[in-house]
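Note: hydrogens, waters and symmetry copies are ignored here, and every other heavy atom, side chains too, is used.
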Amino acid sequence: MSADAFIEIIDPAFAAMIDTQTGPELIASGFTWTEGPVWMNETLYFNDIPARKMWKWREGAGATVALANSEFANGNTLDLQGRMISCEHGGRRVIRRHDPEDPETVEIIAERYDGKRLNSPNDVVVRSDGSVWFTDPPYGINSDIEGYPAPAEQDGCYVFCAQPNGTLTAGATDFDKPNGLAFSPDETQLYIADSGAIRGASFPGIDYDLPHHIRVFDVTGTTLGNGRVFATITPGVPDGLRVDHEGNVWSSALDGVHCLAPNGRCLGKIRLPAQTSNLCFGGPDGTCMFITASDRVWRVRTMRRDAAERTTR
């Protein structure tokens with residue numbers, strides 16, 4: 001374990017969730033801003049948003065380019081068949097990649113709501129009924145670093161549900177900048193990050209008077225209700241997040257990854273030297289956590305799996 005990447009135990013229960021001896025392992029570096037980690041086909045895929053590239057990493061082989069032009073893609077996940085779902089800032093759409101390394105084999109899931117272009121879909125999850133839920137903040141249209149500058153066509157920044165029949169519904173409309181999201185193990189609740197305290201890559205600084213918290217909603221069909229603040233994240237803001245099979249929430253933050261119990265209490269942290277953007281579970285048995293943090297990618301051995309484990313190995 002290096003001095004600038006280590007495990008911080010706040011509650012003794014955290015020590016039973018993670019390999020405290022090995023600690024964070026740096027597995028790839030030299031990027032601009034990494035995001036969207038997803039494990040499939042014994043491979044970790046992730047995006048370098050400003051470089052407009054998707055990368056792939058395999059044990060023993062290191063990182064190589066998977067897509068030379070990813071159109072500023074951000075969050076990735078898997079659908080029920082193990083295919084990649086991606087959020088494109090550049091294309092302002094959510095797509096299904098039938099072959100993650102072939103830009104021609106894509107299917108559009110959502111690109112307009114009420115006849116207007118989306119802002120810049122950011123992160124995405126799939127429910128067991130096949131519905132695709134995603135967030136739509138303006139980061140990709142705010143500057144030319146994460147997308148293409150453009151005026152917003154939507155009246156706000158919404159959380160959407162795309163049903164298998166193509167119907168697109170706005171499940172939540174009262175966010176500042178909705179970001180990462182994940183379902184509880186029984187899918188009755190949806191956790192959603194609000195990263196309103198940051199404006200994006202072109203606008204340094206954090207305004208802690210604006211949202212930097214995770215909210216949780218009760219889920220009924222495509223309806224989100226009873227929204228309340230689950231946890232406030234400091235330092236920094238919550239970006240990508242995951243829920244493990246026991247209901248613990250793992251959230252990105254400025255100082256690494258925070259592990260939050262189902263009641264919102266912080267149990268411990270994976271401390272990293274640069275701002276963390278996202279994370280996923282994967283590896284041969286689904287218990288490795290892969291973390292994108294600024295220009296690097298880390299691996300942490302855990303004793304947990306994703307609550308929505310649909311990895312293809």
Side-chain angles (χ1 to χ4, degrees), residues 31-37 46-53 70-76 86-94 113 116-124 134-160 170 172-181 191-215 227 229-241 251-258 272-279 291-296:
F31 310 101
T32 309
W33 177 254
T34 55
E35 250 286 6
F46 61 95
N47 295 313
D48 185 344
I49 299 179
R52 287 192 296 173
K53 287 182 171 62
S70 63
E71 277 297 341
F72 297 102
N74 192 332
N76 297 315
S86 290
C87 292
E88 282 187 351
H89 279 189
R92 297 169 70 172
R93 61 185 188 171
V94 180
Y113 177 68
K116 304 172 185 176
R117 295 190 73 186
L118 299 173
N119 296 318
S120 53
N122 184 284
D123 211 348
V124 58
F134 65 94
T135 55
D136 190 39
Y139 294 123
I141 57 175
N142 281 346
S143 75
D144 60 1
I145 294 179
E146 297 183 71
Y148 304 109
E153 296 183 20
Q154 297 296 325
D155 294 331
C157 298
Y158 302 155
V159 179
F160 289 105
T173 60
D174 62 344
F175 276 80
D176 189 331
K177 294 180 180 66
N179 207 310
L181 69 175
Y191 297 88
I192 308 172
D194 194 332
S195 56
I198 61 171
R199 294 183 60 197
S202 297
F203 309 96
I206 300 174
D207 183 351
Y208 284 111
D209 290 330
L210 296 174
H212 51 105
H213 54 232
I214 299 169
R215 295 169 68 189
V229 173
F230 168 71
T232 297
I233 300 298
T234 53
V237 301
D239 194 335
L241 57 89
S251 174
S252 55
L254 182 62
D255 58 348
V257 173
H258 297 188
L272 299 175
Q275 182 173 344
T276 300
S277 62
N278 215 330
L279 58 137
I291 306 167
T292 50
S294 189
D295 60 342
R296 308 175 194 179

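A 4.5 Å side-chain heavy-atom check between N278 and F46 finds every atom pair outside the cut-off. You'll find the side chain of E35 stays beyond 4.5 Å of the side chain of F72, heavy atoms only. Within the 4.5 Å cutoff, the side chain of S195 has no heavy atoms near those of the D239 side chain. For the pair H212/T232, a side-chain contact is recorded, criterion being any heavy-atom separation below 4.5 Å from C-beta on. For the pair N122 and K177, the minimum side-chain heavy-atom distance is 4.5 Å or more.
Between D176 atom CG and R199 atom CZ the span is 11.0 Å, to the nearest 0.5 Å. Once rounded to the nearest 0.5 Å, the distance linking OG1 of T32 with CG of D295 reads 8.0 Å. Rounding to the nearest 0.5 Å gives a distance of 7.0 Å between OH of Y113 and OH of Y158. Atom CD of Q154 sits about 6.0 Å away from atom CG of L118, to the nearest 0.5 Å. If you take CG on L181 and CG on L241, they are separated by 7.0 Å, rounding to the nearest 0.5 Å.
At least one donor-acceptor pair closer than 3.5 Å links the side chain of R92 to the backbone N or O of N119. N74 places no side-chain N or O within 3.5 Å of a backbone atom of C87 that could act as its donor or acceptor partner. Under the 3.5 Å distance criterion, the side-chain polar atoms of E146 are left unmatched by any main-chain donor or acceptor of I49. The main-chain N or O of P37 is never found under 3.5 Å from a side-chain atom of N76 such that the two would form a donor-acceptor pair. In this structure, E153 contributes its side chain and K116 its backbone to no donor-acceptor pair below 3.5 Å. Although no hydrogens or angles enter the test, the distance criterion places a donor-acceptor pair under 3.5 Å between the side chain of S70 and the main chain of R52. Although no hydrogens or angles enter the test, the distance criterion places no donor-acceptor pair under 3.5 Å between the side chain of Y148 and the main chain of S143.
Scanning for salt bridge (charged side-chain N to carboxylate O under 4.0 Å, His left out) contacts around D174 gives R215, with sequence neighbours left out. In this structure S120 satisfies the side-chain contact (heavy atoms from CB on, under 4.5 Å) test together with H89, sequence neighbours excluded. The side-chain contact (heavy atoms from CB on, under 4.5 Å) search around P178 returns T135, P137, C157, V159, F175, I192, not counting sequence neighbours. Listed by chain and number, the residues in a ring pair (Phe, Tyr, Trp, His ring centres under 6.0 Å) with H258 amount to none (sequence neighbours excluded). Residues forming a side-chain contact (heavy atoms from CB on, under 4.5 Å) with A274 (at least two apart in sequence, or on another chain): S294. Checked against ring pair (Phe, Tyr, Trp, His ring centres under 6.0 Å), F134 has the following partners two or more places apart in sequence or in another chain: F160.
The shortest non-hydrogen separation linking S251 to L279 is C-CD2, 4.3 Å.
Screening D123, T292, N179 for a side-chain hydrogen bond (donor to acceptor under 3.5 Å, both in side chains) with S277, the sole residue that qualifies is T292.
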